[in-house]
Amino acid sequence: MGEDLKSRRTVFAGVGAGGLTLALAACGGSDTTTASPESGAPAESGADASSAPEAAGGLTTTAEIPVGGGKIFTEQKVVVVQPAEGRFKAFGINCTHQGCPVDKVENGAIVCPCHGSMFKIEDGSVSQGPATEPLAEQQITVEGDQISLA
Ligand code: FES
């Protein structure tokens with residue numbers, strides 16, 4: 001009995017490629033976004049404090065500035081010092097290292113809190129780095145006991 005196996009047919013069941021349901025209908029679009037361009041201006045109430053034409057200068061009084069020390073005026077960005085009695089000077093408070101505002105005057109030096117630079121009250125020069133440049137001197141006038149920014 002000879003079985004004829006030649007007629008074996010391998011039938012590949014072709015998977016029909018017709019079943020791809022492309023779900024491209026996602027952009028169903030009646031967007032009801034209220035895209036009203038609200039002018040993002042937050043209530044302008046004209047609070048411009050920096051341009052108040054107050055009495056020009058009146059910064060402090062001589063009594064406020066200790067001999068051999070000084071006082072920092074952050075609003076005016078100036079430090080006023082009195083290196084010797086009756087001799088007043090002023091410097092900008094921004095450290096020449098990386099611009100931090102100096103925050104105290106002690107032991108004859110104006111001190112930056114960021115990296116510890118110190119500046120002499122006599123002339124603003126560096127007494128301790130990392131800063132290498134002196135503080136910028138500011139002009140002041142002293143009349144009687146009033147110290148004003150020039
Ligand atoms: Fe003042 Fe660095 S910014 S020491």
Side-chain angles (χ1 to χ4, degrees), residues 10 12-150:
T10 311
F12 293 100
V15 177
L20 289 180
T21 311
L22 299 180
L24 287 178
C27 292
S30 60
D31 287 290
T32 45
T33 46
T34 50
S36 59
E38 298 174 45
S39 56
E44 298 172 31
S45 53
D48 194 356
S50 63
S51 63
E54 292 182 7
L59 186 63
T60 185
T61 61
T62 54
E64 290 289 309
I65 312 300
V67 178
K71 190 171 177 187
I72 291 165
F73 299 87
T74 48
E75 210 169 291
Q76 292 86 357
K77 295 185 173 20
V78 69
V79 50
V80 179
V81 295
Q82 187 177 187
E85 185 152 9
R87 199 157 63 83
F88 295 90
K89 283 181 161 259
F91 304 97
I93 62 169
N94 290 335
C95 178
T96 56
H97 177 228
Q98 288 182 2
C100 289
V102 296
D103 73 342
K104 63 184 172 189
V105 182
E106 64 180 17
N107 301 325
I110 301 161
V111 182
C112 177
C114 286
H115 313 96
S117 288
M118 294 175 136
F119 304 88
K120 295 178 191 168
I121 60 171
E122 285 80 12
D123 56 6
S125 64
V126 175
S127 59
Q128 179 177 304
T132 58
E133 298 291 319
L135 291 177
E137 187 160 0
Q138 303 284 303
Q139 293 302 309
I140 50 171
T141 58
V142 182
E143 285 183 25
D145 65 349
Q146 293 295 314
I147 300 178
S148 309
L149 285 172

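For ligands, and for the atoms within them, numbers begin at 1 and follow the listed sequence. Computed from a prediction, not measured in an experiment: that's the story for all the values here.
Residues passing the side chain to side chain donor-acceptor pair (under 3.5 Å) test with Asn94: none are found, sequence neighbours excluded. With sequence neighbours left out, Thr141 forms a side chain to side chain donor-acceptor pair (under 3.5 Å) with no residue at all.
In this structure, Val105 and Val79 have side chains that are in contact, with non-hydrogen atoms separated by less than 4.5 Å.
In this structure, CD1 on Ile110 lies 9.0 Å from CD on Glu122, to the nearest 0.5 angstrom.
Of the two cysteines examined, Cys112 and Cys100, the SG atoms fail the criterion of being under 2.5 Å apart.
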Enumerate donor-acceptor pairs with a distance under 3.5 Å from any side-chain N or O in residues 126-138 to protein atoms, sequence neighbours excluded.
from: Ser127; atom 1: OG; to: Met118; atom 2: O; distance (Å): 3.3
from: Gln128; atom 1: NE2; to: Gly116; atom 2: O; distance (Å): 3.1
from: Glu137; atom 1: OE2; to: Lys89; atom 2: NZ; distance (Å): 3.2

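Protein-derived N/O/S atoms nearer than 2.8 Å to atom 1 (Fe) of ligand 1 total 2, waters excluded.
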